[in-house]
Each structure stands twice: as C-alpha cells, then as structure tokens.
Amino acid sequence: MFTIGLAKTFYLWLGTVASFSARSTPTTSSSLDNGANTPSKPNFVFIITDDQDLHLASLDYMPLVQKHLGDQGTFYRRHYCTIAICCPSRVSLLTGKAAHNTNVTDVSPPYGGYPKFISQGLNDKYLPVWLQEAGYNTYYTGKLMNGHSTTTYNNPFPAGWNGTDFLIDPGTYLYWNATFQRNTSPPSSFPDDYSTDLVNDKALAFLDDAVKSSDSKPFFVGIAPIAPHAVTKSSVFTPPDPAPRHQDLFPDLKAPKTINFNPEEPSGASWIFNLERLNDTVIEYHDHWYRTRIQSLQAVDELVDNVVNYLSEKDLLDNTYIIYTSDNGFHIGQHRLQPGKTCAFEEDINVPFYIRGPGIKAGRVVDLVTTHTDIVPTLFDLAGIELRDDFDGKPIPVSGSKISEAEKKNGSWSEHVNVEFWGVGIEEGKFGVRGQNNTYKALRISGDQYNIMYSVWCTNEHELYDMTTDPGQLNNLARPSSNQTQLLNRPISVVQSRLDALLLVLKTCKASTCTDPWSVLHPQGDVTSLEQALSETYDGFYEEQPKVSYSKCELGQILSSEGPLAGNVYNGSAMWPNWV
Ligand SMILES: *[C@@H]1O[C@H](CO)[C@@H](O)[C@H](O)[C@H]1NC(C)=O
Ligand SMILES: *[C@@H]1O[C@H](CO)[C@@H](O)[C@H](O)[C@H]1NC(C)=O
Ligand SMILES: *[C@@H]1O[C@H](CO)[C@@H](O)[C@H](O)[C@H]1NC(C)=O
Ligand SMILES: *[C@@H]1O[C@H](CO)[C@@H](O)[C@H](O)[C@H]1NC(C)=O
Ligand SMILES: *[C@@H]1O[C@H](CO)[C@@H](O)[C@H](O)[C@H]1NC(C)=O
Ligand SMILES: *[C@@H]1O[C@H](CO)[C@@H](O)[C@H](O)[C@H]1NC(C)=O
Ligand SMILES: *[C@@H]1O[C@H](CO)[C@@H](O)[C@H](O)[C@H]1NC(C)=O
Ligand SMILES: *[C@@H]1O[C@H](CO)[C@@H](O)[C@H](O)[C@H]1NC(C)=O
C-alpha cells in the first residue's frame with residue numbers, strides 16, 4: 001500500500017511538471033523523453049458527431065461550438081465525406097483511405113462493419129496505432145463504428161488505444177440505456193443516464209488521465225457522441241431523444257424548407273426520381289424529427305464547452321488542436337426524400353469541419369476543397385510525423401500562411417472530391433422505403449469558375465448539376481430531356497466527357513492518383529484542373545475515353561460489375577485522336 005501511495009505521488013508530481021513543460025508550450029522541450037531542443041508534439045482532441053448536417057442549419061443552434069471553434073478557429077465550408085454512411089466513412093477517416101481502398105463499404109458484413117475492418121487488416125493500419133508509434137497516448141469514447149458489438153468487441157479489441165470506453169451495438173444508438181464497453185471489461189448498460197452526458201463525462205475523465213499520465217507524452221482524445229443520429233433498434237429508425245433538460249426547446253422549429261425541399265418536379269436519378277411528393281402528414285413528421293435533432297445536439301454543444309473549458313483550465317489550449325466534424329451529412333425532405341443519408345447530394349456529403357489550435361487563425365472561413373481522407377494526413381503533418389505513402393488524402397493547410405499559399409493555387413490545389421457508395425438506399429423513419437439500388441460513383445468539383453456534381457449510377461443513369469446556377473441540384477443536365485445544351489461555354493457532352501474521365505481515374509485511384517488525378521490522364525503535367533482539360537485540343541482524346549459504367553448493381557465492391565477500370569493516357573497532341 002505504502003509503495004503504491006508513494007509511486008502515485010511521484011507520478012502526480014512528475015505529471016504536473018511534464019504537463020507544464022511538454023504540453024503547455026509548443027516551443028519548450030521535455031527533458032523527460034524527447035531529449036533537449038526537440039519541440040514537443042501537439043495534443044489532439046477530435047470530436048465527431050453522427051449524421052450532423054451542414055446544410056440544414058444545425059450549427060446555427062450550437063452557440064458554444066460557434067463561440068469556441070467558429071470564433072476561435074477556422075471553418076472549412078467545403079469539407080466533404082467521401083462516402084455518406086457511418087461505418088465506411090469513419091474507416092476512411094481513421095485510415096486516410098478511400099472506401100474503394102479499405103473495401104469497408106457497408107455498415108455490416110460481408111461488405112462492412114467492424115468485422116470487415118478487422119478482416120481487411122486495418123486494425124494495425126489506422127490512426128491510434130500510428131499515433132502511439134509516434135509517442136502519443138491515445139483515448140477514445142463513444143461510437144467507433146457499426147458492427148463493433150457485444151459479440152465482436154473483443155475479437156480482437158480495437159488496437160492502438162491507451163484508454164477506451166466505446167458505445168457498442170446493439171445499444172449504440174439508444175440515448176437511454178446505451179451499451180458501453182470500457183477497456184477490456186465486458187459491456188455494461190446505463191439505463192439511468194443520457195448517452196451524450198456519459199460520453200461527456202468519460203471524455204473529461206480521459207482528458208484528465210491524459211494530462212496526469214506519468215510519461216509526459218502528448219495525447220489524442222477521440223470523442224464520438226451519437227447525436228443527432230436516429231434512435232435505432234433492430235434496424236428501425238425513430239427520431240433522436242433529446243436530454244430531458246432540452247426537450248422543450250425550440251417548440252416552433254421546423255425543418256428548413258430549402259430550395260430543393262419536396263420539389264414540385266421530380267429530381268435526381270434512379271429511385272429518387274420516382275419518389276412521390278410529400279404530403280402534410282409527412283412534412284409534420286419531418287418537422288418533429290428535425291426539432292429532436294436540434295434538441296439532441298444541445299448536449300453536444302455543452303460537451304464542447306466543457307472540453308474547451310477543461311483545456312483552458314489546464315492551460316493546454318496553446319498546444320492542443322481541437323477538431324470538430326461529422327461522419328456524414330443528412331437530408332430531410334430534399335428531393336422528396338425521407339430523413340436519411342447515403343446519397344451524393346450536397347446535404348449528405350458536405351459536412352461541418354472546424355479546427356482550432358496553435359497557429360490557426362480565429363474566425364476564418366476557408367473555401368478550399370477538403371475531405372475526410374485528408375484528416376489523418378493533416379494530424380500527421382501537425383505532429384511532425386512523416387506521411388505514409390499510401391494515404392489517399394493530403395494534409396489540409398491549416399496555418400495562415402499555408403492557407404494563403406494554397407488559395408493562390410486555388411483550382412490546382414485541389415478541386416475534386418471522389419464520392420462513392422455501394423448497397424441500398426436507407427430512408428429512415430416510419431414513411432421510409434428500403435432496399436433500392438443505391439450503388440454509384442460521384443464527383444464533386446469546385447473550382448474558381450465552376451461548381452459541379454457528376455454521378456454515374458449502377459443503373460447507368462447519369463447526373464450532372466451546375467451548382468453555380470442550380471445549388472439545389474434540381475436540374476439534371478445529363479438527362480436526355482435536359483433543356484440546357486451548354487455548360488462553361490462548351491456543349492454539355494464535352495464537359496461530361498472530362499468529368500467522366502476524371503471519375504474513371506478516381507474510382508480506382510490510390511495514394512497520389514487520388515490527390516492528383518489529372519496527372520494520370522495527362523502525365524506531362526500540363527493539365528491540373530477541369531478548366532485546362534476543357535481545351536479543344538483534348539476533345540478527341542476525351543471523346544474516345546472509355547466511360548464509367550456498370551454491368552450490374554452490386555451490394556459491395558465487385559470489380560467485375562464496375563465496367564472499365566482504367567482509361568487512355570494523353571501523351572501529346574500529335575498522338576491523338578489518331579492514336580488508339
Ligand atoms: C500507452 O500505450 C503505449 C503502447 O502500449 C505505451 O507505450 C504507453 O506507455 C502507454 N501510456 C500510458 C500512460 O500508459
Ligand atoms: C438495458 O439494456 C440491457 C442490455 O440490452 C437490458 O438487458 C436491460 O433490460 C435494459 N434495461 C432497461 C431498463 O431497459
Ligand atoms: C401521406 O403520405 C404517407 C406516405 O406516403 C401516407 O402513408 C399517408 O397516408 C398520406 N396521408 C394523407 C393524409 O394522404
Ligand atoms: C484563383 O485563380 C483564378 C484564376 O484561375 C484567379 O482569377 C483568382 O483570383 C484566384 N483566386 C484566389 C483567391 O487567389
Ligand atoms: C430548364 O428547366 C429548368 C427547370 O426544369 C429551369 O429552371 C431552367 O431555367 C431551364 N433552363 C433553360 C435554359 O431554359
Ligand atoms: C437492383 O439491381 C439488381 C442487379 O442489377 C436487379 O436485379 C434488381 O432488380 C434491382 N432492384 C431494384 C429494386 O431495382
Ligand atoms: C471487397 O470485399 C468483398 C467482400 O469480401 C469481396 O467480394 C470483393 O472482391 C472485395 N473487392 C475488392 C476490390 O477487393
Ligand atoms: C503514348 O502512349 C502509348 C500507349 O501508352 C505508348 O505506346 C507510346 O509510346 C506513348 N508515346 C509517347 C510519345 O510517349
């Protein structure tokens with residue numbers, strides 16, 4: 001007893017010294033393990049919500065997120081997930097890889113879920129493992145991914161963590177009586193506590209462990225509350241439960257009637273085009289659903305406040321990056337859809353992304369196009385860890401000068417996002433339909449002079465939206481009956497030929513070909529943007545390019561059903577169009 005008591009006192013004392021020297025000031029070195037003159041690495045607090053929209057104004061009802069992260073940090077308003085469903089998106093985020101490279105493409109086996117994450121060998125190749133190797137202590141509480149459950153949680157345990165308290169299935173999406181599983185202990189249920197408040201308490205306790213740890217290492221703390229996800233029991237989705245203290249807030253709030261809400265004319269492709277208009281009964285149900293989402297996010301807003309206040313009290317804000325995002329977005333009534341995600345519409349893929357920390361400008365809003373696969377490379381960059389050469393993303397410029405540099409290159413810094421999906425559409429709530437073929441490849445491209453979405457479905461239908469003139473994505477220029485013939489001063493078919501060729505590269509891209517896809521088509525390096533590719537010089541080349549297509553709608557990534565996998569390479573005007 002005596003020995004333990006002594007040791008504890010010693011560690012506490014050491015921890016205090018360490019947190020002063022190693023954690024508070026980025027420029028001071030820790031003599032304990034880093035050696036002299038090595039600047040200490042920054043800490044990370046990573047907060048990820050579940051199904052939080054950017055386009056349905058949810059952030060407008062989170063004043064504390066706005067105060068701590070918006071006013072004190074930088075907001076990336078063109079940040080995208082690359083697959084609009086929880087588990088695959090989280091795996092892409094944690095590995096820095098597109099879903100076509102993780103092949104975790106669904107929420108449950110055989111194509112996804114935690115067992116697929118394990119069988120793909122990713123438990124050794126993801127963020128916490130790498131951060132520990134780089135000298136971090138790592139902690140996580142909340143939802144890791146779907147299929148991480150009472151039967152799979154220890155088969156094996158997720159690698160790379162010093163402390164964990166996970167929400168696991170089938171109790172992940174219960175705001176009351178959620179199932180948590182701590183470190184290597186068996187799962188337990190919490191019937192009397194509100195899920196987000198439990199995540200809040202566990203997160204603060206892990207932060208405290210991290211700060212007081214005896215070894216003076218920097219830390220990563222992941223915090224993953226389930227709000228504003230639907231309550232989900234046996235695949236039935238019902239509106240989220242707010243905390244009792246928030247359930248009477250915003251009594252008159254209604255789902256935003258965006259420009260594309262319940263449109264008079266059908267829109268989209270495939271099964272979405274055939275949806276009926278929503279009647280008043282359904283719209284009222286949607287309004288209620290929306291209100292409960294906003295109410296359920298209030299506990300997250302408080303969590304963010306508590307986390308920031310804790311870091312402030314410990315004097316750690318100067319050496320800690322706080323990131324806030326969501327796994328994917330959400331729609332309610334857009335394109336006549338029931339509540340849900342899984343689509344490539346802007347509401348589902350353009351998600352909140354804030355970062356605050358040392359060197360990051362307060363109150364800045366950035367237009368650079370960034371994605372979830374960029375987040376791990378960004379953390380590597382900030383922690384001074386050498387980038388892995390198999391990342392499909394690249395570090396996001398976050399410091400003031402790096403942002404300006406990237407902005408100067410605007411278009412050519414990055415203007416594309418590759419979005420993909422395999423499986424079925426899931427409409428949530430009591431009016432939703434299930435099981436529609438929802439396998440597609442999509443491309444978002446957002447340059448200085450254009451703003452476009454293009455997609456090819458497993459039914460071989462196409463979508464093409466000019467989001468400069470049609471931000472609601474209501475007028476599909478790729479429909480044979482489209483009334484518009486020109487886009488960017490070229491015939492639609494010419495623009496589509498470029499987008500399709502880019503999508504063909506992106507759907508099988510790996511590492512640098514994901515971040516620099518034009519270099520596959522134009523290895524000579526003279527084309528780095530859509531604008532340049534639109535030159536008439538290349539009309540013949542793009543006309544002859546094999547097209548993205550499918551032979552069948554599959555539920556997973558079955559390459560034999562995904563048409564051509566590679567295209568032609570442009571190697572000089574003299575070679576084309578005569579060269580085949
Ligand atoms: C965290 O885990 C790593 C890897 O097992 C270990 O080296 C490190 O000492 C742990 N940190 C603490 C504070 O226990
Ligand atoms: C809470 O969940 C556990 C595990 O699913 C279950 O056994 C228990 O009956 C539930 N308790 C309540 C009060 O619902
Ligand atoms: C409204 O639409 C829903 C879903 O299609 C349907 O179940 C319901 O009967 C409709 N209500 C009215 C009043 O038409
Ligand atoms: C981006 O590039 C265009 C030229 O393509 C230029 O006109 C514009 O000023 C640039 N924007 C910024 C923010 O540098
Ligand atoms: C084409 O039709 C859409 C509505 O379907 C309309 O908004 C648009 O203005 C029309 N464009 C032209 C060029 O007529
Ligand atoms: C989905 O696609 C498959 C294969 O292409 C087809 O057999 C099936 O009928 C489609 N299902 C629906 C609901 O359209
Ligand atoms: C992805 O996983 C599925 C299920 O195991 C498998 O059938 C498919 O071949 C895999 N695709 C690729 C490209 O590895
Ligand atoms: C152009 O590409 C073709 C096919 O990849 C190759 O055979 C040919 O040598 C290339 N020509 C030049 C000049 O690189």
Side-chain angles (χ1 to χ4, degrees), residues 82-83 85 87-88 91-92 95 97-123 125 145-147 152 236-238 255 261-263 266 268-289 332-333 335-340 342-343 390 392 418 420-441 456-461 504-511 513-514 548-566:
T82 55
I83 181 162
I85 192 162
C87 171
V91 172
S92 283
T95 57
K97 286 195 177 71
H100 66 255
N101 288 333
T102 65
N103 203 20
V104 177
T105 59
D106 199 356
V107 292
S108 55
Y111 299 113
Y114 184 66
K116 182 71 166 164
F117 170 80
I118 297 296
S119 65
Q120 289 295 109
L122 297 169
N123 202 26
K125 297 186 191 119
M145 65 184 75
N146 309 71
T152 63
V236 176
F237 293 72
T238 52
F261 178 85
N262 198 20
S270 211
W271 61 273
I272 297 158
F273 191 83
N274 294 321
L275 292 171
E276 308 233 315
R277 268 197 111 182
L278 309 173
N279 63 32
D280 289 348
T281 313
V282 176
I283 292 173
E284 228 171 87
Y285 177 70
H286 286 186
D287 287 340
H288 168 72
W289 189 302
I332 301 179
H335 306 276
R336 308 180 179 178
L337 285 158
Q338 298 296 326
T342 77
C343 300
D390 61 351
D392 296 334
N418 176 214
E420 38 198 6
F421 203 90
W422 296 263
V424 293
I426 303 169
E427 289 196 298
E428 301 177 7
K430 61 181 174 186
F431 300 110
V433 294
R434 299 278 183 92
Q436 309 276 16
N437 281 319
N438 198 50
T439 295
Y440 58 78
K441 313 277 181 196
V456 181
W457 286 70
C458 62
T459 52
N460 292 315
E461 289 164 280
L504 184 64
V505 173
L506 288 170
K507 81 187 178 99
T508 55
C509 71
K510 280 192 167 51
T513 61
C514 295
V548 176
S549 68
Y550 291 83
S551 52
K552 197 174 164 214
C553 289
E554 302 276 8
L555 299 175
Q557 191 186 189
I558 308 301
L559 291 182
S560 55
S561 300
E562 295 197 357
L565 301 175

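Just follow the structure's listing: the first ligand is 1, and inside any ligand the first atom is 1. Along the sequence shown, residues carry numbers from 1.
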**Request:** Step through the shown structure and confirm whether more than 12 heavy atoms of other residues, nucleotides or ligands are within 6.0 Å of CG on Asp280.
**Result:** no

- request: State if Lys116 counts as touching ligand 7 under the rule of any non-hydrogen atom under 4.0 Å.
  value: yes

Working to the nearest 0.5 angstrom, can you tell me the gap between [X] [atom1] and [Y] [atom2]?
| X | Y | atom1 | atom2 | answer |
| --- | --- | --- | --- | --- |
| Asn437 | Thr439 | CG | OG1 | 6.5 Å |
| Gln436 | Thr342 | CD | OG1 | 10.5 Å |
| Thr95 | Lys125 | OG1 | NZ | 10.5 Å |
| His286 | Asn262 | NE2 | CG | 9.0 Å |

If we number the atoms of ligand 7 from 1 as shown, the ones under 4.0 Å from a heavy atom of Leu559 are 13 (C)

Ligand 7 to Tyr111, heavy atom cutoff 4.0 Å, flagged ligand atoms 3 (C), 4 (C)

Practice prompt. In plain terms, say whether Lys97 and Asp390 are close enough for a salt bridge, that is, a side-chain N and a carboxylate O under 4.0 Å apart.
Written response: yes

Original post:
Side chains of Leu555 and Val424: closer than 4.5 Å at any heavy-atom pair?
Top reply: yes

* Asked: Do any N/O atoms on Asn437 end up under 3.5 angstrom from N/O atoms on ligand 6?
  -> yes

| message | Would Gly435 count as being in polar contact with ligand 6, using the rule that some N or O on each side must be under 3.5 angstrom apart? | response | no

Do the rings of Trp289 and Tyr285 sit parallel, tilted or perpendicular, given the 30° and 60° boundaries?
perpendicular

query: Protein heavy atoms: any of them under 4.0 Å from atom 5 (O) of ligand 3?
result: no

Next item on the list: Please check atom 9 (O) of ligand 3 for a protein heavy-atom neighbour under 4.0 Å.
Entry: no

Counting from 1 in the order shown, the ligand 3 atoms closer than 4.0 Å to a non-hydrogen atom of Thr281 are 11 (N), 13 (C)

In ligand 3, the atoms that come under 4.0 Å of a heavy atom of Phe431 are 3 (C), 4 (C), 7 (O)

Residue, atom name and distance, where the atom is the protein heavy atom closest to [atom]:
| atom | answer |
| --- | --- |
| atom 1 (C) of ligand 7 | Asn103 ND2, 1.5 Å |
| atom 12 (C) of ligand 3 | Asn279 ND2, 3.2 Å |
| atom 13 (C) of ligand 6 | Gln436 OE1, 4.1 Å |
| atom 7 (O) of ligand 7 | Ile558 CD1, 3.6 Å |

Report task. Look only at the side chain of Lys507 and the backbone of Glu562, and say whether a donor-acceptor pair between them is shorter than 3.5 Å. Result -> yes

So for Thr105 against ligand 7, with non-hydrogen atoms under 4.0 Å, the contacting part is neither

